[in-house]
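Have a look at the structure below before the remarks.
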Amino acid sequence: MILGAILAQRTNWRNVELAIKNLKEAKVASLSALCHLGPKKIAPLVRPAGFYQSKSRYLYGLARFIMSRYGQIEKMKKAPLEKLRSELLKLKGIGPETADSILLYALDKPVFVIDEYTRRFLKKHYQRFFKKLKISDKDSYERLQKFFENNLPRDVRLYQRFHALIVIMAKSELRGKEKR
DNA sequence: CACCAGGCCCTAT
DNA sequence: ATAGGGCATGGT
C-alpha cells in the first residue's frame, strides 16, 4: 500500500503493478529491504511507473524515515493521526494526497483522501457544493477534505470504501465515454 | 503519432 | 505567494 501510494503519483495502476512486480521478483518489496538498497538500486526496478529517478528517491526517503523512526508499521499505527500526517508531509515526494492515502489505507487512520477523481465526482454530481468550496484555491485540499469528514461518521472503513467507490465510479464513467 | 494516467518539487516572477 | 515547467513510462 505504502509503496503504491508513491508509485501511483500521476501514473496509471497498470504501470504501478509492473514496478511492484519488479520489486517482488527482486525480493525487495518491503520498507526494510529498500533501506538497504539505496535509491540507485531502486530506480531501475520502479522504472515502469515513470518519473523513476524521483520516485526511487522518495521511496528510499520514506523507507528510511519509517524504519528509523518507528521500526515497523504496527508501531507506527499507534502514533496519533495529526502527528503522523505532519511527519509524512515533511518528506520529499509526499504531498497531501499521498500522505492521506498512506494514513487511510496502510495505517487505518480516519482521513478522507482527496484526489482528482474525488474532485470530478463533486463537480459532476454536487455542483452547488463544489462552487462554494472554491477548488482553485491553494488550500482547497483541506477544505474538500473537511467537507467529507464533517458530513460523514468518523469511520475508517467507511472512508476507505467511500473513496474506493468514487474511483470505481469515475473509471466506469470514463470507459463509458470511450466506447460511445 | 498524440494523448493520458489516483502528484509533487522547484523556480522565476 | 503563486502559476508554470519538469519529471517518464507503457497503454490506447
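Letters A, B, ... are given to chains in the order of the sequence lines, protein chains preceding strands, and every chain is numbered from 1.
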(request) Please collect all side-chain hydrogen bond (donor to acceptor under 3.5 Å, both in side chains) contacts where either partner lies in residues 34-47 of chain A, sequence neighbours excluded, each pair once. (result) none
(request) State which residues pass side chain to side chain contact (heavy atoms under 4.5 Å, CB included) with A:Lys77; sequence neighbours excluded, sorted by chain then number. (result) A:Ile73, A:Glu74, A:Leu107, A:Asp108
(message) Short of 4.0 Å, heavy atom to strand atom, which residues of residues 9-24 of chain A count as contacting DNA chain B?
(response) A:Gln9, A:Arg10, A:Asn12, A:Trp13
(request) Quick one: list whatever passes side chain to side chain contact (heavy atoms under 4.5 Å, CB included) with A:Lys146, sequence neighbours left out. (result) A:Glu149, A:Asn150
(message) So that I know where these two stand, are A:Phe112 and A:Phe162 an aromatic pair - ring centroids less than 6.0 Å apart?
(response) yes
(request) Could you list the residues that satisfy side-chain hydrogen bond (donor to acceptor under 3.5 Å, both in side chains) with A:Ser101, not counting sequence neighbours? (result) none
Donor-acceptor contacts, no H, no angles, side chain residues 22-30 of chain A, under 3.5 Å, sequence neighbours left out:
residue	atom	partner	partner atom	Å
A:Asn22	ND2	A:Leu45	O	2.9
A:Ser30	OG	A:Ser32	OG	3.4
A:Ser30	OG	A:Ala33	N	3.1

(message) Short of 4.0 Å, heavy atom to strand atom, which residues of residues 42-63 of chain A count as contacting DNA chain B?
(response) A:Tyr58
(message) Rounded to whole Å, how long is the line connecting atom CD1 of A:Ile6 with atom P of B:dC9?
(response) 10 Å
(request) Determine: side-chain N/O of A:Lys171 to OP1/OP2 of B:dA5, distance under 4.0 Å, yes or no. (result) no
(request) Round to the nearest Å and state the distance from A:Leu7 atom CG to C:dC7 atom C1'. (result) 14 Å
(message) For the C1' atoms, the ones on C:dA3 and on B:dA5, what distance do you get once it is rounded to whole angstrom?
(response) 22 Å
(request) Using atom CD of A:Glu173 as one end and atom P of B:dA5 as the other, report the distance to the nearest whole Å. (result) 14 Å
(message) So if I take residues 93-105 of chain A and measure heavy-atom distances to DNA chain B, which residues fall below 4.0 Å?
(response) A:Gly93, A:Ile94, A:Gly95, A:Pro96, A:Glu97, A:Thr98, A:Ser101
Just list the side-chain donor-acceptor pairs under 3.5 Å for residues 83-93 of chain A, sequence neighbours left out, or say none.
residue	atom	partner	partner atom	Å
A:Lys83	NZ	A:Glu87	OE2	3.3
A:Arg85	NE	A:Asp100	OD1	2.7
A:Arg85	NH2	A:Asp100	OD2	3.1
A:Ser86	OG	A:Glu82	O	3.4
A:Ser86	OG	A:Lys83	O	3.0
A:Glu87	OE1	A:Tyr70	OH	2.7
A:Glu87	OE2	A:Tyr70	OH	3.4

(request) Only counting residues at least two apart or in another chain, list the ones meeting side-chain hydrogen bond (donor to acceptor under 3.5 Å, both in side chains) with A:Asp115. (result) A:Thr118, A:His163
(message) Holding to side chain to side chain contact (heavy atoms under 4.5 Å, CB included), I want the full list of residues that pass it with A:Arg14, two or more places apart in sequence or in another chain.
(response) A:Asn12
(request) Rounded to the nearest angstrom, tell me the gap between atom NZ in A:Lys92 and atom P in C:dC7. (result) 17 Å
(message) Any base atoms under 4.0 Å from A:Leu91, or only sugar-phosphate, or nothing? Heavy atoms, all strands.
(response) sugar-phosphate
(request) For nucleotides B:dC10 and C:dA8, find the distance between their P atoms and express it as a whole number of Å. (result) 13 Å
(request) Could you tell me which residues satisfy side chain to side chain contact (heavy atoms under 4.5 Å, CB included) with A:Tyr126, sequence neighbours excluded, listed by chain and number? (result) A:Phe121, A:Leu122, A:Phe129
(request) Please name the pair of heavy atoms, one in A:Pro110 and one in A:Leu81, separated by the smallest distance, quoted to 0.1 Å. (result) O-CD2, 4.0 Å
